[in-house]
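Read through the structure below, which is laid out as structure tokens, and then see the notes.
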Amino acid sequence: MQIKGFYPNWLRNQVIRNKIIAIYIPLIIVPLLVLGFASNSIYTNAIVDKTISNVSDNSSLIITRMNGILTNAESCANILTINLNRVIQDHNKGEIGPERSLQLSTLITNQLSFALLVFPDVESAAFIDTYGTIYGTSAAIENAGELQPQPDTLLQTAMLKRIGETTGQNIWFPMDKRDFLTLGADEPVLTVGKKINNIYTGQELGLLVLNVKEQSLSAIYNNIGTDLSGSYMLTDQAGTIVSSTDKEQLLKPVGDEALRQWINETNSGSTIDRFQGDKLLVISSEMPKFGWKLISMEPFNALTADNRKITALIMTIGFFCFLFALMGAGILNRLIARPIVLLTKYMKLVKEGNLTIQLPVKSNDELGLLASGFNTMLTRINQLLDNVRFEQKKKREYELALIQSQIKPHFLYNTLDVIYTLSEIGRVKDVQRTTKSLADYYRIVLSQGREAIPLQDELQGLRDYLAIQRIRYADVFDYQIDVQPEVLSCTVLKLTLQPLVENAIYHGLKTKGEFGHLVVTGRIEGQNLLLTVQDDGVGIPPERLETLLQPSENTAAAKTLPVAPLSAAGNTGSSFGLRSVDSRIKLYFGEGYGLTLVSRLGVGTEIQVRLPMEQHEETGGGRHVEFTDRG
């Protein structure tokens, strides 16, 4: 990834002073902001977790206290069962009369009142005997004439009928408001009923009703509860509020539909969401005995009030750090930016083409070393430019000499003579093929002035050349081209293979005296591209093989003479063609690449061309090339 692509355009085009400010300040401000937001998030999560833990503990304690109240009510009913059994049995032993009935009423009322003293969580108690007589606490008796229904009607109520259907176990009724057997019709009560039987005979003695005020349950919230901003409520399975500090909500469904749905779907858990128009932390705890759920609601803003103070403090610190960052950036500008600006001015002169300047070195620090390195770089650049000019000149000389050796008139004349002869004997198709091959061949040779071309283009020119030569020397040789598809897009110098093939035909196969074979292959070997031109011609003498690729004693003079084609297999003529190909490869790709010759007299010659695996920019992958002409 390029550095210039990493920064935005506006920053890349700024002067160094502005860049220092633009980079230095975020290095201070961003960590502070990240620290602030991270600490705020961590602190918020910690507060929420701590609140959930505390509220859950409080909820467990509240539920324990409520279960204690309900257990006391059941214990009260059980004790009254025993005491009322004893009172009624003692009464039945005497004579029945008005005085005895008044005495029984007093004894039962005393037992009920005494039980309420022992179990203060029970608000009121009432006993209805089998004759429909109502016995209750003193307050209940005082209101009996006005508030309670007639005995016959009372015994037909659903509550008493259900108690009468039991066998004596305690039975609880939901929180409700009643106008009978209570101290008032406006106060919700939780009622436990019990059928009292003779403990010896099992005979029914009456029905016992004990009432627990809702206020006894909601009072626990204030004693244990949460802070002033939090609240508790107790709901049943239908989402109806059975206990709350807000009396207006009692025995009504939870007002917020989303909150009611969450309560119905959750037994025990917590959530943070927007309910009742505010963001709340809601925690649900299950009370299995009645299927109730204790709901605690804490305003989220109240929990995170301290967080906002911390955030404001961090922002204030960040502002002062911003001011210090501006001061630091100014100091860095004076110490670093100004010397760099001077260096920039000299670099602009270099950009305009002045490579002879020298930057004055005034210090021994890093900027001084940079100035010294700048001067050394200019000196080295001038040396490299001289070397590049020399090497480019040599590469162009080799290329021009090689092109001259390929575009010589006698090859064109011979090809045109072939075309004329073919047309005389009426071989129109061969005339067309030869003309097309000649045009394509010269198109590849010229290559629009390019030195490096894809291997597949080089092979196309080679096939055009061989097509022409096969028409001329059909009885001399056949050829085969077999190149792996993955190397077709590799970069080669143009006219790398054609000179080697031409030399093999003229000096290896044509002088053999019998039919020969020519094979051109291409494959990957390690990290290199290996091209081979192999013939079964006359071969090369060993003493001649050692000198073919050696530089000539007078290369400049050789370039001024006509260059005749020479085979790797030939033993006469100039070796400039092979040396030219080898030298061009070494100049273009490096000394590690070039030609290798292997030959045996009377057996044949193989020329290996070793090149780097470089993909050509204008050519993609290709298909496998395998072309054979057996004649």
With a 3.5 Å cut-off and no angle check, do the side chains of Tyr221 and Ser243 form a donor-acceptor pair? yes

Just to verify, what does Thr191 make a side chain to side chain donor-acceptor pair (under 3.5 Å) with, not counting sequence neighbours? Arg178, Asn211

Can you list every pair that meets salt bridge (charged side-chain N to carboxylate O under 4.0 Å, His left out) and has a residue in residues 109-118, with sequence neighbours left out? none

Can you name the residues that form a side chain to side chain contact (heavy atoms under 4.5 Å, CB included) with Ser75, not counting sequence neighbours? Thr71, Phe119

ring-ring contact (aromatic ring centres under 6.0 Å, His included) partners for Trp262, two or more places apart: none

Show every salt bridge (charged side-chain N to carboxylate O under 4.0 Å, His left out) that has at least one partner inside residues 156-169, sequence neighbours left out. none

Side chain to side chain contact (heavy atoms under 4.5 Å, CB included) with Lys279: which residues, sequence neighbours excluded? Ile272, Arg274, Phe300

Enclosure of Met377 CE (heavy-atom neighbours >12, cutoff 6.0 Å): yes

Indicate yes or no for a side-chain donor-acceptor contact from Asp236 to the backbone of Ala238 under 3.5 Å, with no hydrogens or angles considered. yes

Under a 4.5 Å cut-off applied to non-hydrogen side-chain atoms, are Met613 and Cys490 in contact? yes

How about Asn45: does its CG atom have over 12 heavy atoms from other parts shown lying under 6.0 Å from it? yes

Sequence neighbours left out, what passes side chain to side chain donor-acceptor pair (under 3.5 Å) with Glu614? Give chain and number order. none

Does anything in residues 33-60 form a salt bridge (charged side-chain N to carboxylate O under 4.0 Å, His left out)? List the pairs, not counting sequence neighbours. none

Side chain to side chain donor-acceptor pair (under 3.5 Å) with Glu257: which residues, sequence neighbours excluded? Arg260

May I ask you to decide if Ser105's main-chain N or O and Thr109's side chain share a donor-acceptor pair within less than 3.5 Å? yes

Pairwise salt bridge (charged side-chain N to carboxylate O under 4.0 Å, His left out) hits with a residue in residues 198-217, at least two apart: Lys195-Glu204, Glu214-Lys247

With sequence neighbours left out, the residues meeting side chain to side chain contact (heavy atoms under 4.5 Å, CB included) with Asn85 are Thr81, Gln89, Ile196, Asn198, Ile199, Leu205

Tell me, please, which residues at least two apart from Thr167 pass side chain to side chain donor-acceptor pair (under 3.5 Å). Gln169

